[in-house]
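There's a structure below that I have some questions on.
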Number of protein chains: 2
Amino acid sequence: MSVEDGIDFAIIELFFFAYRDFTSDPDQILADYGFGRAHHRVLHFVNRRPGLTVAELLDVLKITKQSLARVLKQLIDTDHVVQLQGPRDRRQRELYPTAKGRALALALARPQSRRIHAALQDSGTTERTMVERFLEAMVNPELRAQIDVGSAKMSGKNHGEH
Amino acid sequence: MSVEDGIDFAIIELFFFAYRDFTSDPDQILADYGFGRAHHRVLHFVNRRPGLTVAELLDVLKITKQSLARVLKQLIDTDHVVQLQGPRDRRQRELYPTAKGRALALALARPQSRRIHAALQDSGTTERTMVERFLEAMVNPELRAQIDVGSAKMSGKNHGEH
DNA sequence: AGATTATGTCAGTACTATTGACGTAATTTC
DNA sequence: GAAATTACGTCAATAGTACTGACATAATCT
């Protein structure tokens, strides 16, 4: 039953292998840019939630300000992300992807998306929703608010080009 | 449908959050021992495949010998893992968990297993097999050989206490 | 005997992360 | 309006995990 001592070792291990290979695709591309996995995560969330603030980004990534600093600076210097002064609160910096940033985010997501679709087919899992629900249930309940299931929360700000 | 530009951003993101929280449970425990995630992975596979050699471990983890060295040495020094000279080939070092090592491996796996079971319940995924198959399909096909679905491959060696 | 294999180790480097401290500008509170 | 708080940036030091390259030793294979 691949469950020994009442522990689900099989899925624990599969999750490790799956995530390892899931991240290997973008890692290859990132290397060409001199970027790492941290850049990917920042770019992903800036692309997904354009206009999010630095504080919000830190909260999503669960890293410290100092860890973000270098990575974000590099993405800004290389013209993948821009910062705009927050309209209501001028202390805030709203983060937006540039066209270049969106292109890279898409290029990184493409192989991952392909892998997911292939996996759903291979495993005969016709209902994408099932996998979605399982993964969501794996997230700490108090942190599920961070998740954007359905369409991105375009809250009415200007999310166009900058 | 949470698919924009034909990219499955929803599952990409869920996978990130799910893995982040999935690893957070053992990370807390590991901190008490002065260990990191690398120690966990080594201990996990030594526990799952007792008697595996250093070369086999490197192949599973997909890291270099130098990266493994420090981590493995610490696990040996702290009496979580023991090395035995390979019976057929005396150059090889077979790795076995000690009772202490098995206890720690179990303590680390327990919260992860609990999370998985809770997720399966919450998401209404009655068939564990479906998730198992999906995760396995996410792994690079040429690397699926590494995976031990079903019971561990007790190949007939002595896997007892050492 | 010589080549190859399995493992260990030394040295140097890179990336991602941490804590702690300090500075600046903007907003909120009293 | 002065003081406290908030949002962000930055400097310095450290840790954990990974890498490449080089070299050593013992055991096995050719």
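Chain A is the first sequence line, chain B the second, and so forth, proteins listed ahead of strands; every chain is numbered from 1.
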Task: Lys73(A) NZ to dC15(C) P, straight-line distance once rounded to whole Å - done: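 Nearest whole value for this atom pair: 16 Å.
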Task: Nucleotide dT17(D), atom C1' - distance to CG of Asp27(A) in whole Å - done: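 For the pair Asp27(A) CG and dT17(D) C1', the rounded distance is 14 Å.
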Open item on the list: Between the base of dG8(C) and the side chain of Lys65(B), is one N or O donor paired with an acceptor at under 3.5 angstrom?
Closed with: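 For Lys65(B), whose side chain was compared with the base of dG8(C), there is a donor-acceptor pair (under 3.5 Å).
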TODO: Provide, to the nearest angstrom, the distance between the CD atom belonging to Gln74(A) and the P atom belonging to dA14(C).
DONE: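 Atom-to-atom, Gln74(A) to dA14(C), this comes out as 13 Å.
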TODO: Answer yes or no: does a side-chain N or O of Thr64(B) lie under 4.0 Å from OP1 or OP2 of dA18(D)?
DONE: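 No, because none of the side-chain N or O atoms of Thr64(B) sits under 4.0 Å from OP1 or OP2 of dA18(D).
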Task: Salt bridge Arg133(B)-Asp122(A), side-chain N to carboxylate O under 4.0 Å - done: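 Between Asp122(A) and Arg133(B) there is no salt bridge, as every charged N stays at least 4.0 Å from the carboxylate O atoms.
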Task: Arg20(A) to Leu61(B) - nearest heavy-atom pair and separation - done: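 Distance-wise, the nearest heavy atoms are NH1-C, 4.3 Å.
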Task: Salt-bridge criterion met for Arg114(A) and Asp8(B) (N-O under 4.0 Å) - done: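 Salt bridge: no.
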Open item on the list: Once you apply a heavy-atom cut-off of 4.0 Å, does Gln85(B) come out as touching a base, just sugar-phosphate, or nothing?
Closed with: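 The residue Gln85(B) makes no contact with any strand.
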Open item on the list: I need the CG-C1' distance between Leu68(A) and dC8(D), as an integer number of Å.
Closed with: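 It is 10 Å, rounded to the nearest whole Å.
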Open item on the list: Does a side-chain N or O of Arg70(A) approach OP1 or OP2 of dT16(C) to a distance below 4.0 Å, or not?
Closed with: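 Yes, such a contact exists.
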Task: Whole-Å gap separating C1' (dT17(D)) and NE2 (His40(B)) - done: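 Result: 16 Å.
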- [ ] Return no unless some side-chain N or O of Arg90(A) is found under 4.0 Å from OP1 or OP2 of dT27(C).
- [x]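 Answer yes for this pair, as a side-chain N or O of Arg90(A) is under 4.0 Å from OP1 or OP2.
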Open item on the list: Between dT27(C) and Arg91(A), counting only base atoms on the nucleotide and side-chain atoms on the residue, is there a donor-acceptor pair under 3.5 Å?
Closed with: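 For Arg91(A), whose side chain was compared with the base of dT27(C), there is no donor-acceptor pair (under 3.5 Å).
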Open item on the list: If you take the centroid of each ring, where Trp contributes its six-membered ring, are Phe16(B) and Phe45(A) closer together than 6.0 Å?
Closed with: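 Between Phe45(A) and Phe16(B), the centre distance is under 6.0 Å.
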TODO: May I ask you to decide whether Glu13(B) forms a salt bridge with Arg48(A), counting only side-chain N to carboxylate O separations under 4.0 Å?
DONE: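 Answer for the salt bridge query: yes.
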Task: Closest nucleotide among dT7(C), dA17(C), dT17(D) to the Arg93(B) side chain - done: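 From the listed options, dT7(C) comes nearest.
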Open item on the list: If I take atom NZ in residue Lys62(A) and atom P in nucleotide dT19(C), what distance separates them, rounded to the nearest angstrom?
Closed with: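 It works out to 14 Å between those atoms.
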TODO: Please report, rounded to the nearest Å, how far the P atom of dC19(D) is from the CG atom of Leu30(A).
DONE: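 Between P of dC19(D) and CG of Leu30(A): 16 Å.
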TODO: Indicate, with a heavy-atom threshold strictly under 4.0 Å, whether Arg37(A) touches base, sugar-phosphate, or nothing.
DONE: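 Answer is sugar-phosphate: Arg37(A) comes under 4.0 Å of backbone atoms only.
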Open item on the list: Looking at Gln66(B) and dG8(C), is any side-chain donor or acceptor paired with a base atom of the opposite kind under 3.5 Å?
Closed with: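 Under the 3.5 Å cut-off, the side chain and the base do not form any donor-acceptor pair.
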- [ ] Would you indicate, yes or no, if dC19(D) has its OP1 or OP2 atom less than 4.0 angstrom from a side-chain nitrogen or oxygen of Ser67(B)?
- [x]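 Yes.
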- [ ] State whether His39(A) places a side-chain N or O below 4.0 Å from either non-bridging phosphate oxygen (OP1 or OP2) of dT16(C).
- [x]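 For dT16(C), OP1 or OP2 has a side-chain N or O of His39(A) closer than 4.0 Å.
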TODO: Figure out the CG/P separation between Asp89(A) and dT29(C), and round it to whole Å.
DONE: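 So the two atoms are 12 Å apart, to the nearest Å.
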- [ ] Compare the minimum distances between each of dT7(C), dG9(D), dT16(C) and the side chain of Arg41(A), then state the nucleotide with the smallest one.
- [x]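 Given the options dT7(C), dG9(D), dT16(C), the side chain of Arg41(A) is closest to dT16(C).
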